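Numbering of residues begins at 1 and proceeds along the displayed sequence. What you see is a predicted model, and the numbers here were worked out from it, not measured in a lab. Scope of the values below: all heavy atoms of this structure, side chains included, with no hydrogens, waters or symmetry mates.
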Amino acid sequence: MLETQRLYLLPFGAEDLSLLHGLFTHPFIRKHLWDDLEIDMDESEKFIHANRKYFHFYRWGLWKIIWKEGLQEVGLTGLWPLFEDPQPQ
């Protein structure tokens, strides 16, 4: 877990599948992250499994952002391998 003055950042886990899928399919996020392509729950589940692997081996991946005041989940952030680049983006 990472912590700032106002936020907690926790790695997405299996229990967060619905949350991650909801974020991935949100119109604004989908437009920029998925080029407006609608993905299904199976695709989100693949990210959950890959995220566990990345955190285990590399200590990075996708974090859910939780607002401390009210403990509300408000978004996601993280590093992910893209475009055959050896460094995560």
Side-chain angles (χ1 to χ4, degrees):
M1 177 178 70
L2 300 174
E3 184 176 354
T4 71
Q5 187 175 13
R6 294 180 283 187
L7 304 171
Y8 295 116
L9 285 80
L10 297 159
F12 279 95
E15 70 280 3
D16 300 311
L17 177 57
S18 292
L19 172 62
L20 183 63
H21 186 69
L23 290 166
F24 278 172
T25 57
H26 183 280
F28 183 79
I29 294 172
R30 184 182 74 224
K31 178 181 177 183
H32 297 284
L33 189 62
W34 294 101
D35 295 328
D36 218 19
L37 185 74
E38 287 200 34
I39 65 163
D40 60 21
M41 187 70 82
D42 290 337
E43 188 68 23
S44 295
E45 191 170 22
K46 290 176 187 175
F47 271 80
I48 291 285
H49 292 298
N51 201 51
R52 185 179 316 135
K53 180 181 84 172
Y54 291 141
F55 270 100
H56 177 77
F57 289 110
Y58 308 115
R59 301 288 186 223
W60 53 257
L62 298 178
W63 286 268
K64 59 184 171 182
I65 303 171
I66 300 172
W67 187 260
K68 282 184 178 179
E69 188 175 313
L71 297 177
Q72 181 182 4
E73 295 153 336
V74 295
L76 71 130
T77 190
L79 299 168
W80 203 258
L82 297 173
F83 311 117
E84 304 300 323
D85 191 329
Q87 297 295 317
Q89 298 180 29

What about Ile48 and Trp60, same hydrophobic cluster or not, with Ile/Leu/Val/Met/Phe/Trp/Tyr joined at side-chain heavy-atom distances under 4.5 Å?
yes

Mind listing the closest non-hydrogen atom pair of Trp63 and Pro11 along with its distance?
CD1-N, 3.6 Å

Hydrophobic cluster membership, Val74 vs Leu71, 4.5 Å side-chain cutoff:
no

Indicate the atoms forming the closest heavy-atom contact of Ala14 with Arg52, along with that distance.
CB-NH2, 3.8 Å

List the atom of Leu20, the atom of Ser44, and the distance in Å for their closest heavy-atom pair.
CD2-O, 3.9 Å

List the steps, then state whether salt bridge (charged side-chain N to carboxylate O under 4.0 Å, His left out) holds for Asp36 with Arg30.
CA-CA 5 Å; Asp36 218 19; Arg30 184 182 74 224; 3.1 Å; yes

Decide yes or no for Gln89 and Leu79: does some side-chain heavy atom of the first lie under 4.5 Å from some side-chain heavy atom of the second?
no

Would you check if Thr25 and Ile39 make a side-chain contact, meaning some heavy-atom pair closer than 4.5 Å?
yes

Apply the test side chain to side chain contact (heavy atoms under 4.5 Å, CB included) to residues Ile66 and Leu10: give CA-CA distance (whole Å), side-chain angles for both, the deciding distance (0.1 Å), then the verdict.
CA-CA 8 Å; Ile66 300 172; Leu10 297 159; 3.3 Å; yes

Would Tyr58 end up clustered with Met1 when hydrophobic side chains under 4.5 Å apart are linked, directly or stepwise?
no

Can you sort out the partners of Leu33 under side chain to side chain contact (heavy atoms under 4.5 Å, CB included), two or more places apart, ordered by chain and number?
Phe24, Ile29

Can you check whether Lys64 reaches Leu19 side chain to side chain, under 4.5 Å on heavy atoms?
yes

For a quick test of reading the model, state the closest non-hydrogen atom pair linking Asp40 to His21 and the distance between them.
C-CE1, 3.3 Å

Out of the candidates Tyr54, Trp80, Phe12, only one should pair with Phe47 under the ring pair (Phe, Tyr, Trp, His ring centres under 6.0 Å) rule; please name it.
Trp80

Can you see which heavy atom on Phe28 is nearest to which on His32, and at what distance?
O-CD2, 3.1 Å

What's the shortest heavy-atom distance between Thr4 and Lys68, and which atoms?
O-NZ, 2.8 Å

Option among Leu62, Leu2, Leu76 that satisfies the side-chain contact (heavy atoms from CB on, under 4.5 Å) test with Leu9
Leu2

Got Asn51 and Phe55 here, is their nearest side-chain heavy-atom distance under 4.5 Å?
yes

